[in-house]
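All figures in this text were calculated on a predicted structure; none of them were measured in a lab.
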Amino acid sequence: MKWKNISFFLQLTMLLACVNAEGQSVENDTLFYQLLRQAMIENQIIDRGVSDERVIKAMNDVPRHLFVKESLRDLAYADGPLPIGYNQTISQPYIVAYMTEILQPDTHHIVLEVGTGSGYQAAILSKLVNHVYSIEIIPELGKEAANRLDKLGYDNVTVKIGDGYNGWEEHSPFDRIIVTAAPEQIPKKLVDQLKSGGLMVLPVGKTSFGQDMRVVKKDKTGQVTTQETIPVRFVPMIHEHNE
Ligand code: SAM
């Protein structure tokens, strides 16, 4: 561990002890969580190569601890995924930042997310694009995320319950599509619903032991190319007939 990190960690531990001793409420975005978030951004995101300032700002602006169960809030900024119920997870902070960066979001973009989960990735994107349409297949998770996003004021996110394998025809074509559960193959309907000049980021693979992150690009003439980036491990996409 670098000296910079050790020193930062010691300062953080002392500050956290003070904040805890004052018994601040954990309901809101207190200094305690702001410090944990800063450490997450330094050590897990910037140190691993994410450099887009807009993405880093969004990761700093969204209170990740409010997207997990109350009992897990102190772990919200740790370097890994966390359970959100129904055998599903909120993704590791680095993976959220990485996927957001390679998605190249812009302020005018209309984005489709498949796999709302906790709503955290949607909240990050909402800071960077015009509108996020997000689909969740587990009704309880979808309703919970929609309520949370609404309560926290992310008013450019629309959540629906359904099978995201089929996309969301009504609002297509999308400038960007992000998929946060792994299908065995790239779903054709999602490619069809991508705008010309658009880009989709998704994990693809046959097993829950690991997949590859893929970037699918559709050029101005409609030609589609796919590129593999890093190995990842996502929950499998739920779909009855994997075409
Ligand atoms: N993006 C989420 C977040 O920020 O918390 C994390 C997503 S979690 C790794 C994957 C989510 O995809 C789960 O909530 C799961 O129920 C959902 N999912 C799986 N298959 C799906 C499908 N076919 N359509 C929509 N959502 C699906």
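Nearest approach of Ala182 to Gln211, heavy atoms of both residues: CB-CD, 3.5 Å. Of all heavy-atom pairs between Leu149 and Gly119, the closest is CD2-O, 3.5 Å. Across every non-hydrogen atom of Ala58 and Lys127, the tightest pair is CB-CB, 4.1 Å. When every heavy atom of Tyr33 is checked against every heavy atom of Asp29, the shortest pair comes out as CB-OD1, 3.8 Å. For the residue pair Gly49 and Glu101, the shortest heavy atom distance occurs at O-OE1, 4.1 Å. The two residues Pro173 and Leu194 come nearest to each other via the heavy atoms CB-C, 4.2 Å.
No side-chain heavy atom of Val215 sits under 4.5 Å from any side-chain heavy atom of Gln104. Looking at Met99 and Leu202, their side chains never come closer than 4.5 Å, going by heavy atoms from C-beta outward. The closest side-chain heavy-atom distance from Val224 to Lys217 is not below 4.5 Å. Side-chain contact between Asn130 and Asn156 is absent, with no heavy-atom pair separated by less than 4.5 Å. Considering only heavy atoms from C-beta on, Val235 stays 4.5 Å or farther from Asn87 through its side chain. Using a 4.5 Å heavy-atom threshold, the side chains of Asn60 and Arg37 count as touching. Side-chain contact check for Pro83 versus Leu72: some heavy-atom pair is nearer than 4.5 Å. At least one side-chain heavy atom of Val191 sits under 4.5 Å from a side-chain heavy atom of Ile186.
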Practice problem: Dump the intermediate steps for side-chain contact (heavy atoms from CB on, under 4.5 Å) on Leu125 and Ile178, then the final yes or no. | Solution: CA-CA 10 Å; Leu125 285 170; Ile178 182 168; 3.7 Å; yes
Self-check item: Audit row: His171, Thr158, side-chain contact (heavy atoms from CB on, under 4.5 Å) steps and yes/no
Solution: CA-CA 11 Å; His171 297 292; Thr158 309; 5.8 Å; no
Self-check item: Stepwise side-chain contact (heavy atoms from CB on, under 4.5 Å) check, Thr180 with Val96
Solution: CA-CA 9 Å; Thr180 61; Val96 174; over 6 Å; no
Self-check item: Phe67 vs Val62, side-chain contact (heavy atoms from CB on, under 4.5 Å): CA-CA, chis, key distance, verdict
Solution: CA-CA 9 Å; Phe67 289 79; Val62 176; 3.7 Å; yes
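To the nearest 0.5 Å, atoms CE (Met40) and CE (Met59) are separated by 4.0 Å. Remark: Ile124 CD1 to Ser91 OG distance equals 11.5 Å, nearest 0.5 Å. With rounding to the nearest 0.5 Å, the separation of CD1 in Ile95 from OG1 in Thr89 is 11.0 Å. Taken from CD in Glu113 to CD in Glu136, the straight-line distance is 9.0 Å, to the nearest 0.5 Å. Of the inter-residue distances, the one linking Glu42 atom CD with Ile56 atom CD1 reads 9.5 Å to the nearest 0.5 angstrom. A distance of 12.0 Å separates OG1 in Thr226 from CG in Asp212, rounded to the nearest 0.5 Å.
Donor-acceptor pairing under 3.5 Å is lacking for the side chains of Gln121 and Thr116.
Taking 4.0 Å as the cut-off between side-chain N and carboxylate O, Glu53 and Lys57 do not count as a salt-bridged pair. With respect to Asp79 and Arg48, a salt bridge is recorded, a charged nitrogen being found less than 4.0 Å from a carboxylate O. Electrostatic pairing of Asp106 and Arg176 does not count as a salt bridge here, judged by no charged N lying under 4.0 Å from a carboxylate O.
Note: the hydrophobic cluster containing Ile135 does not contain Ile161 (ILVMFWY, side chain heavy atoms under 4.5 Å, direct or indirect links). Ile46 and Tyr77 fall within a single hydrophobic cluster, where Ile, Leu, Val, Met, Phe, Trp and Tyr are joined by side-chain heavy atoms under 4.5 Å apart, directly or via other members.
In this structure, Tyr133 has its ring center closer than 6.0 angstrom to the ring center of His131.
Annotation: cation-pi pair Arg64/Tyr120 present, NZ/CZ under 6.0 Å from the ring centroid and within 45° of its normal.
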